[in-house]
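Residue numbering restarts at 1 for every chain, and letters A, B, ... go by the order of the sequence lines. Small disclaimer: the values here were computed from a predicted structure and weren't measured.
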2 protein chains.
Amino acid sequence: MLTQTAVAGTPNVDRQFNVTRKSETAEGVHLGVALGFERNAEIYAEGEDSGYVYKIVSGVVRLCKLLPDGRRQITAFHMPGEIFGLESDEIHHTSAEAVVPAKVIAYRWEGVVGSEMQPAKFVRELLSQTVRGLRHTQDHLLLLGRKNALERLAAFLLEMDPRTGSKHVLNLAMPRHDIADYLGLTIETVSRMFAELKDMGTIKLESSRRVHILDMAKLRAMSA
Amino acid sequence: MLTQTAVAGTPNVDRQFNVTRKSETAEGVHLGVALGFERNAEIYAEGEDSGYVYKIVSGVVRLCKLLPDGRRQITAFHMPGEIFGLESDEIHHTSAEAVVPAKVIAYRWEGVVGSEMQPAKFVRELLSQTVRGLRHTQDHLLLLGRKNALERLAAFLLEMDPRTGSKHVLNLAMPRHDIADYLGLTIETVSRMFAELKDMGTIKLESSRRVHILDMAKLRAMSA
DNA sequence: CGGGATATTGACTCTTATCAATGCCCGTGG
DNA sequence: CCACGGGCATTGATAAGAGTCAATATCCCG
């Protein structure tokens with residue numbers, strides 16, 4: 001039985017605003033705990049013991065890596081349906097934070113990798129999502145290693161387009177600072193590139209968070 | 001029966017110098033084909049149909065992504081024992097090339113992700129290596145997004161140290177051009193950073209491919 | 001010994017970072 | 001309802017780091 005008062009070992013109970021027991025199975029593997037996190041709340045920290053994988057129900061989550069001097073790289077933004085938090089060892093190598101209020105389900109993991117006791121279906125979903133994540137990260141390596149600032153922002157908007165808002169109207173969940181740390185730029189450069197895309201007639205800025213894509217083809221050509 | 005003359009569907013037979021049937025099982029899953037590739041030979045191309053995963057027996061393999069104008073990003077160097085080539089769909093999203101003459105075993109894949117018919121052990125090894133690959137790629141994102149040239153080269157040497165040559169004497173398999181495309185720099189900058197590390201007394205260059213690490217602690221501090 | 005590929009070094013340019021000032025949006029309280 | 005304040009975003013001026021172009025230098029292989 002898992003309750004608010006018996007959550008020893010449950011991830012970050014102190015940081016979340018709501019806990020609800022979700023489901024339990026005999027195997028104890030698909031035991032999922034629904035968790036809610038406020039904007040900017042930490043779901044787990046880099047270096048912390050892992051032990052759960054998380055599936056997003058609603059909201060947006062960012063995965064971050066930090067250098068000792070505070071420089072930050074966001075490795076991914078995750079949206080509803082996506083899984084994050086699986087590690088190759090017992091430690092988280094990124095931190096995870098809610099960009100906007102987020103609901104996630106935490107699944108006890110019990111050494112999926114290496115154990116024979118996992119339901120094949122669960123392992124396959126993990127593999128599928130991990131391979132997808134690897135592909136995304138490789139694409140992002142190309143962006144960070146070889147694209148200029150304008151190409152990076154264009155690519156970012158194209159990536160967000162199908163994932164947010166309605167057709168060609170983006171409702172960005174994250175502030176400029178997060179975009180900058182995702183694209184390996186400064187907020188000033190991100191701002192200037194937004195202005196440049198606007199001047200070229202490629203986008204319209206309804207507000208800093210609401211972006212209309214006016215010329216999809218041009219944006220695509222521009223993303224290199 | 002799989003032979004030289006009946007290899008339709010076998011990966012890149014034309015590009016390799018040696019094919020040997022390796023093993024066959026009733027399931028047809030662990031049917032591995034040993035392949036050999038010359039230096040710079042392409043194992044598969046970006047956009048090509050996938051269908052095999054590859055395990056390295058000997059040599060070094062690079063995974064590359066290209067932009068239309070030829071800019072290149074190397075996403076990983078793979079060493080013996082490592083698996084590469086698994087994709088989330090039916091298409092390769094990187095190309096794979098031998099950095100030095102390489103022997104690999106190609107395993108028919110038959111939709112590991114999504115199929116119920118895979119041996120659990122094989123799926124778990126794939127998951128394990130994929131999670132490891134994802135972690136490495138995330139670390140590399142931090143390098144490309146937030147580290148300066150000197151930090152990148154220091155980190156590269158530290159990454160290669162345990163994987164090549166004997167204790168603190170690196171035998172780099174790849175030319176400067178590959179290092180540059182891995183670190184998101186130009187060959188000139190890579191060269192200058194080698195010179196800088198040398199001037200600081202952190203390394204000694206026996207030749208451009210043979211690097212002695214003289215001060216491990218300094219190198220670590222420098223990699224940020 | 002010669003020659004092509006690879007690597008280094010130098011001079012200069014250009015993109016992006018940095019530093020600083022201003023503007024904007026929104027919530028709060030007078 | 002409007003003024004104030006704080007966080008976030010934009011814009012400008014300048015600087016720094018890496019890129020580009022070009023000239024050697026070195027290594028490896030025949």
Side-chain angles (χ1 to χ4, degrees), chain A residues 38-40 62 67 69-73 99-100 143-157 170-200 203-211 222 224, chain B residues 38-40 62 67 69-74 99-101 143-157 170-200 203-211 222 224:
Chain A
E38 302 282 8
R39 193 166 80 96
N40 292 326
R62 62 175 174 254
L67 288 174
D69 64 3
R71 282 174 285 175
R72 183 179 72 151
Q73 179 64 44
V99 175
V100 293
L143 180 147
L144 292 179
R146 290 305 182 204
K147 291 186 184 178
N148 65 32
L150 192 61
E151 293 168 339
R152 291 182 198 196
L153 186 61
F156 173 74
L157 294 175
L170 309 197
N171 240 312
L172 299 175
M174 66 294 288
R176 293 288 184 270
H177 190 248
D178 281 3
I179 299 175
D181 283 350
Y182 182 58
L183 299 180
L185 301 170
T186 60
I187 57 175
E188 293 94 332
T189 298
V190 169
S191 213
R192 282 184 246 272
M193 296 304 115
F194 266 114
E196 196 163 326
L197 288 176
K198 194 182 63 182
D199 293 347
M200 298 168 87
I203 63 170
K204 187 159 79 79
L205 283 169
E206 187 180 324
S207 75
S208 75
R209 302 290 190 97
R210 278 186 78 83
V211 183
M222 206 171 298
Chain B
E38 301 283 9
R39 195 166 78 96
N40 291 326
R62 61 175 174 252
L67 288 173
D69 64 2
R71 282 175 285 176
R72 183 179 72 151
Q73 179 64 43
I74 294 178
V99 175
V100 292
L143 180 148
L144 292 179
R146 290 303 181 205
K147 290 186 185 179
N148 66 30
L150 192 60
E151 293 167 339
R152 292 182 198 195
L153 186 60
F156 173 74
L157 294 175
L170 310 197
N171 240 313
L172 298 175
M174 67 293 289
R176 293 289 184 269
H177 190 248
D178 281 3
I179 298 175
D181 283 351
Y182 182 58
L183 299 180
L185 301 170
T186 60
I187 55 173
E188 292 93 333
T189 298
V190 170
S191 214
R192 283 184 247 271
M193 295 305 114
F194 266 114
E196 196 162 325
L197 287 177
K198 194 183 62 183
D199 294 348
M200 297 168 87
I203 62 169
K204 186 159 79 81
L205 283 168
E206 186 179 325
S207 76
S208 75
R209 302 290 189 97
R210 277 187 79 84
V211 183
M222 206 171 296

Q. Hey, is A:R210 close enough to A:E206 for a salt bridge, meaning N to O under 4.0 Å?
A. yes

Q. CG of B:L205 versus C1' of C:dA7: gap in Å, rounded?
A. 11 Å

Q | side chain to side chain contact (heavy atoms under 4.5 Å, CB included) evaluation trace for B:Q73 with A:L144 | A | CA-CA 9 Å; B:Q73 179 64 43; A:L144 292 179; over 6 Å; no

(Q) Just N and O in the side chain of B:R209: are any of them under 4.0 Å from OP1 or OP2 of C:dA7? (A) yes

Q) Rounding to a whole Å, what distance do you find between A:I187:CD1 and C:dA20:C1'? A) 12 Å

Q) Can you tell me if the side-chain N/O atoms of B:T189 get under 4.0 Å from OP1 or OP2 in D:dA18? A) no

Q: Run the salt-bridge test on B:D178 and B:R72 with the 4.0 Å N-O cut-off and return the result as yes or no.
A: yes

Q: Quick one: do B:L150 and B:R192 satisfy side chain to side chain contact (heavy atoms under 4.5 Å, CB included)? Show the steps, please.
A: CA-CA 9 Å; B:L150 192 60; B:R192 283 184 247 271; over 6 Å; no

Q. A:T186 near the nucleic acid: base, sugar-phosphate alone, or nothing, with a heavy-atom cut-off under 4.0 Å?
A. base

Q. What's the CG-P distance between B:L183 and D:dG19, to the nearest Å?
A. 11 Å

(Q) Base of D:dG7, side chain of A:R176 - is there a donor-acceptor contact under 3.5 Å? (A) no

Q: Let me know, please, whether A:P175 or A:R146 comes out on the 5' side of the other along DNA chain D by nearest nucleotide.
A: A:P175

(Q) What is the distance, to the nearest angstrom, from the CG atom on A:L144 to the P atom on D:dA18? (A) 15 Å

Q) Quick one: B:E206 CD to D:dC27 C1', roughly how many Å, whole number? A) 13 Å

Q: Identify, between A:N148 and A:S207, the residue whose nearest nucleotide on DNA chain C lies closer to the 5' end.
A: A:N148

Q.
Within the structure provided, determine whether B:V190 and B:Y182 are in side-chain contact (heavy-atom separation under 4.5 Å).
A. no

Q: Please state how far atom CG in B:L172 lies from atom C1' in D:dC28, giving the value in whole angstrom units.
A: 17 Å

Q | DNA chain D: 5'-proximal contact among A:F194 and B:G184 (nearest heavy atom) | A | A:F194

(Q) Base of C:dT18, side chain of A:R192 - is there a donor-acceptor contact under 3.5 Å? (A) yes

Q.
Tell me whether the side-chain N/O atoms of B:S208 come closer than 4.0 Å to OP1 or OP2 in C:dT6.
A. no

Q) Please give, in whole Å, the distance from D:dG19 C1' to B:R152 CZ? A) 13 Å

Q) How long is the line joining CD of B:E188 and C1' of D:dA18, in whole Å? A) 10 Å

